[in-house]
2 protein chains.
Amino acid sequence: MRANRADDKVAKRKPPPPMQFGADQPLWAAWLYYEEGLKQDEIAERLGISRASVFNLLQKARDEGIVTITIDPTRLERADLSVELKEKGGLLECYVLPAGGSAAALYDRIGRLGARILEQKIENDDVIGVAWGRTVMSLSKALSPANKPGVTVAQVTGSSIATYDFSPELCTSNIAARLNARCVNLHAPGVVSNPSMKTLLMQEPIIEQHFTLLRQCTKTLFGVTHLSGPTLLEDSGVMTEELLLQYQKKGAVGFASGYFFDPDGTIIRTGFDDRHIVMPIEDFINVPRRICIGGGAEKITAIQGMLKAALANVLITDQDTARSLCRIL
Amino acid sequence: MRANRADDKVAKRKPPPPMQFGADQPLWAAWLYYEEGLKQDEIAERLGISRASVFNLLQKARDEGIVTITIDPTRLERADLSVELKEKGGLLECYVLPAGGSAAALYDRIGRLGARILEQKIENDDVIGVAWGRTVMSLSKALSPANKPGVTVAQVTGSSIATYDFSPELCTSNIAARLNARCVNLHAPGVVSNPSMKTLLMQEPIIEQHFTLLRQCTKTLFGVTHLSGPTLLEDSGVMTEELLLQYQKKGAVGFASGYFFDPDGTIIRTGFDDRHIVMPIEDFINVPRRICIGGGAEKITAIQGMLKAALANVLITDQDTARSLCRIL
DNA sequence: AGCAATTTCTGGCAATTTTCAACAAGACGT
DNA sequence: ACGTCTTGTTGAAAATTGCCAGAAATTGCT
């Protein structure tokens, strides 16, 4: 395919033989560049291509994950703010995103941090329960491809009718896809019309089976939502303003992984809970590592309540939010 | 400590507040640079320091292993030459170093490749038997620091009196040190003066214990030596020319992990074997992953014999050697 | 406190990398 | 066989990074 047709027409082709490399050019270029420290020119010369092509090759290698640049996230854990927040918030682990980064949306930046941490923490037989949210979605997109066939990713809440770009199904399947893990979606609506329907549904073998799986979760991953102003809960069609108001009247300030709570961490319930298909909170609390990811000024009170309720074990947030939380906790 | 003394003498200090970052500046810089893709200028601005300092910070981060750049070695395994050699050589795995790299010595370059592969393959409870050789020594130096407290690194051959810079002790302890693993040296001479001394020594509790440990090896790591011309065996004072000649007369062409063999893979023995303190070959062959590392034109026949003798399971070599081996196998 | 040694930081220049717009080659439909 | 679209390549310009030698700050010592 790449045979020498130097004797075809004009013989003014490259005089040095282009060096018979294996098929995987990006890999070879990457090795010579990153491991042996050659300049792009030198590689270009050896491969018989232009500098620019070497650059493209290297870019491809980075994109395809042939070369990976990793930052040791345990360092982020050791940073002073993380330690303070970890102690004040009663957490097992806490990671704080440096302030002053790129202009990208905060949830994308926190999501990326979460991705790096998750990658590093995943063990082979993990069962990961995934809730939903914008930040969780960002995380899923920022995950670098990996091969973890022993891992199971399971959906924690039921699905929604409305299609929006960070639905429970999408979050779950995205993460599973990146990880090359088993993906177990919950094939049931997130909200049903009346309590007896919930009871019936929960008895369905397939659903029951799913909740049995969820009980084996080793990790869960979820975001937090605040309740005041326009929220994701309404936008996504999960709830109506009216229902939300009922929770707020009872003092709820936040919502995470399916439960509402007030700033003191008391779980708030209304009739809605009886129609909401979600992992029971007793089971949820038993999961060893419950990772909450999210940040932003609006969410501070919500996160405070979430921490008091001890829904999360591990918190991933940004510097400003962390500082505010440290002040009020 | 870093308080504002802007009102001390001259007020021409930095007007923008230097941004209150955590203590670990290199880490923050690294995150912003590698994860968020900011330019060094932008980071300098946000941190209130000069570009050059950001550069230094990043360098420090790289040096200290806060950021790591890795190449997925499994790709090298999939390269066409590797696959061919793996099949022809009856190997479990085979890795081939790209040709045309830096001008560094071949054993250093192969050692680096070996280091990357070893890092990636090490599991938590491994017991790694380490023989000696220049390439193994290079590997040990190229290993990046890791924390594997569950790993044991054990010396496969006895030590030598002469001190040279790639002795069994050094290879073993170097590797263990990099890995933060347990280091078990064999506190016995590599060669004793007569067979009965070997018998006696092997009965010593400490030695016996060591060989029991070796029997539990999950991996071994060793190089190959050719026998013609000036060899490491003589240089290191392990053997005399005369002894070597005895092996060569019987057809031996190579030496690896303590055994001599001919090109067909038959193990060659002389009286020397009865004075050589080394892991018994029956035990050696039982180790699940036997990693041989080495390359170079001189070694081709030796590697051929080594492969035929099935001493190795996994081979790490360079492109030229791999091509030659494919031709003759 | 005063001075010298040492460390850390900086400005600017050189080298390297990245981008870009134009161009060549192959694939495809007509 | 012809244009057209896609894909990949290139040289040169623009941007970014790497480096060094001198400046500032810090430290250690008397």
Side-chain angles (χ1 to χ4, degrees), chain A residues 1-19 21-64 66-67 69 71 101-103, chain B residues 1-19 21-64 66-67 69 71 101-103:
Chain A
M1 198 151 274
R2 188 148 272 278
N4 54 326
R5 49 198 165 347
D7 39 10
D8 268 14
K9 295 209 165 181
V10 206
K12 62 174 73 168
R13 289 289 139 219
K14 301 133 196 165
M19 182 166 273
F21 268 86
D24 204 341
Q25 278 206 326
L27 171 67
W28 296 68
W31 180 273
L32 296 177
Y33 187 74
Y34 287 108
E35 285 290 339
E36 307 226 359
L38 299 201
K39 315 286 179 202
Q40 296 187 352
D41 314 22
E42 302 181 279
I43 300 173
E45 211 179 315
R46 282 173 172 73
L47 263 73
I49 55 179
S50 74
R51 275 174 225 99
S53 293
V54 173
F55 172 77
N56 290 333
L57 246 32
L58 290 175
Q59 181 126 305
K60 199 172 185 181
R62 284 187 290 256
D63 289 347
E64 292 182 2
I66 297 173
V67 309
I69 300 181
I71 294 191
S102 71
Chain B
M1 199 152 273
R2 186 151 272 277
N4 54 325
R5 51 205 165 339
D7 39 11
D8 267 14
K9 294 204 165 186
V10 206
K12 62 174 73 169
R13 288 290 137 218
K14 302 133 196 165
M19 183 165 271
F21 268 87
D24 202 342
Q25 278 205 325
L27 171 69
W28 296 72
W31 180 273
L32 296 176
Y33 188 75
Y34 287 107
E35 285 289 340
E36 306 226 358
L38 299 201
K39 313 293 177 201
Q40 295 186 353
D41 310 17
E42 302 181 278
I43 300 173
E45 211 179 315
R46 282 174 173 71
L47 263 72
I49 55 179
S50 74
R51 271 150 246 161
S53 294
V54 173
F55 172 77
N56 290 332
L57 246 31
L58 290 174
Q59 182 128 304
K60 197 170 185 182
R62 283 186 291 257
D63 289 347
E64 292 184 1
I66 297 175
V67 307
I69 300 180
I71 294 192
S102 71

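Computed from a predicted structure; not experimentally measured. Letters go in sequence order (proteins before strands), and every chain restarts at 1.
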Which angle, to the nearest 10 degrees, lies between the helix axes at the two ends of the helix from dA1(C)-dT30(D) to dT30(C)-dA1(D), each defined by five pairs? 40°
Rounded to whole Å, NZ of K60(B) lies from P of dT7(C) at a distance of 13 Å
Between dG11(D) (C1') and I49(A) (CD1): distance, integer Å: 14 Å
Considering only residues two or more places apart or on different chains, which pairs with a residue in residues 48-63 of chain B satisfy salt bridge (charged side-chain N to carboxylate O under 4.0 Å, His left out)? none
Grab the CG-P distance between L47(B) and dC9(C) for me, whole Å please. 11 Å
Look up atom CG in L47(B) and atom CD in Q40(B), then write down how far apart they are to the nearest 0.5 Å. 12.0 Å
What's the shortest heavy-atom distance between V67(B) and A30(B), and which atoms? CG1-CB, 3.4 Å
Of all the heavy-atom pairs spanning L57(A) and P26(A), show the shortest one and how long it is. O-CB, 3.8 Å
To the nearest 0.5 Å, atom CG of L32(A) lies from atom NZ of K39(A) at 13.5 Å
What pairs of nitrogen or oxygen atoms, one from the protein and one from nucleotides 11-16 of chain C, lie under 3.5 Å apart?
none

What's the CG-P distance between L57(A) and dG8(D), to the nearest Å? 11 Å
What's the spacing between I69(B) CD1 and Y33(A) OH if we round to 0.5 Å? 8.5 Å
Take the protein atom CD of Q59(B) and the nucleotide atom C1' of dC9(C), then report the distance between them rounded to whole Å. 15 Å
When rounded to whole Å, the CG to P distance for the pair D63(A) and dG8(D) reads 13 Å
From Q59(A) atom CD to N56(A) atom CG, the distance as rounded to the nearest 0.5 Å: 7.0 Å
Distance in angstrom units between L38(B) CG and dA15(D) C1', rounded: 16 Å
Here the distance between atom P of dG18(D) and atom CG of L58(B), to the nearest Å, is 8 Å
Quick one, D41(A) with V54(A), criterion side chain to side chain contact (heavy atoms under 4.5 Å, CB included). Give me CA distance, side-chain angles, the key distance, then yes/no. CA-CA 8 Å; D41(A) 314 22; V54(A) 173; over 6 Å; no
